[in-house]
Amino acid sequence: MLTRMMKSADTPLTAEQRIVAAIRAVPRGQPTSYGAVARRAGLPGRARLVARILAHSEGAHLPWHRILRSDGRIAFPEGSEAYLEQCQRLRAEGVDVRNGRVRLLQDEESLDSAVWAPR
DNA sequence: AGAATGACAGGAA
DNA sequence: GTTCCTGCCATTC
């Protein structure tokens, strides 16, 4: 009682904390979208908040490179420093990046469904 | 307070 | 498959 109040108690996580957690949960080699991260964090419609948090969280060691636009395209201007860095990091995880774009999985689509029902 | 901006999304064309 | 256009949300001018 007293002890649990002193620690972190039940302070509801802030929107930012939930989003950061959702970002950390994105598996290697399985990129997702800003909007999907927001939904998983329980904040539908706040894709732009996800983007803003990433932009301001340099040094937080987040897998920022796994977050793309809903259409699978890299969000940075083509050819920019960050763009190239993102391509290379994704490829390093085995992701097929073609022309600055990847194939995103649907929300309920798991990795093995993608493996066993490729298209 | 109103306008502009941004690592966006989804549907229309 | 595209690109284009409008809506969104939060912050900054």
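Sequence lines set the chain letters: A, B, ... in the order given, protein chains first and strands last, and positions in each chain run from 1. Here the structure is a predicted model, which is why all the values come from computation and not from measurement.
Residues that satisfy the side chain to side chain contact (heavy atoms under 4.5 Å, CB included) test with A:Arg52, not counting sequence neighbours, are A:His56. Annotation: side chain to side chain contact (heavy atoms under 4.5 Å, CB included) contacts of A:Leu84 (sequence neighbours excluded): none. In this structure, A:Ala92 has no side chain to side chain contact (heavy atoms under 4.5 Å, CB included) partners at least two apart in sequence or on a different chain. Remark: A:Glu85 pairs with A:Arg89 by the side-chain hydrogen bond (donor to acceptor under 3.5 Å, both in side chains) rule, at least two apart or across chains. In this view, A:Ala25 satisfies the side chain to side chain contact (heavy atoms under 4.5 Å, CB included) rule with no residue, not counting sequence neighbours. Under the rule for a side-chain hydrogen bond (donor to acceptor under 3.5 Å, both in side chains), A:Gln88 has no partner lying at least two apart in sequence or in another chain.
With a heavy-atom cut-off of 4.0 Å to chain A, the contacted part of DNA chain C has its first and last nucleotide at C:dT2 to C:dT12. The nucleotide range of DNA chain B contacted by chain A, defined by atoms under 4.0 angstrom from heavy atoms of the protein and reported 5' to 3', is B:dG6 to B:dG10.
No side-chain heavy atom of A:Thr32 sits under 4.5 Å from any side-chain heavy atom of A:Leu68.
Listed by first then second residue, pairs satisfying salt bridge (Lys or Arg N to Asp or Glu O under 4.0 Å) with a partner in residues 53-81 of chain A read A:Arg66-A:Glu93, not counting sequence neighbours.
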> Do A:Val102 and A:Asp96 pass the side chain to side chain contact (heavy atoms under 4.5 Å, CB included) test, and can you show the C-alpha distance, the side-chain angles, and the key distance before you say yes or no?
Replying inline: CA-CA 6 Å; A:Val102 314; A:Asp96 178 30; over 6 Å; no

>> Between A:Ile67 and A:Ser33, is the side chain to side chain contact (heavy atoms under 4.5 Å, CB included) condition met? List the steps.
In response: CA-CA 5 Å; A:Ile67 319 295; A:Ser33 72; 6.0 Å; no

>> The test is side chain to side chain contact (heavy atoms under 4.5 Å, CB included); show your working for A:Ser57 and A:Val20 and say whether it passes.
In response: CA-CA 9 Å; A:Ser57 65; A:Val20 167; over 6 Å; no

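Contact check of residues 12-25 of chain A against DNA chain B (heavy atom, cut-off under 4.0 Å) returns no residues at all. Contacts of residues 48-76 of chain A with DNA chain B (heavy atom under 4.0 Å): A:Arg48, A:Ala51, A:Leu54, A:Ala55, A:Trp64, A:Arg69, A:Ser70, A:Ala75, A:Phe76. Applying a 4.0 Å cut-off to non-hydrogen atoms, none of the residues of residues 91-102 of chain A approaches DNA chain B.
Here, C:dT6 and B:dA7 have their P atoms 22 Å apart, quoted to the whole Å.
Of all heavy-atom pairs between A:Tyr34 and A:Ala75, the closest is OH-CB, 3.4 Å. Taking both residues in full, the closest heavy atoms of A:Pro31 and A:Leu104 are given as O-CD2, 3.5 Å, listed atom of the first, atom of the second, then distance. Contact between A:Ala15 and A:Leu49 at its shortest, heavy atoms only, is CB-CD2, 4.4 Å. For the pair A:Gly100 and A:Tyr83, the tightest heavy-atom approach, listed with the atom from each and the gap, is CA-OH, 3.1 Å.
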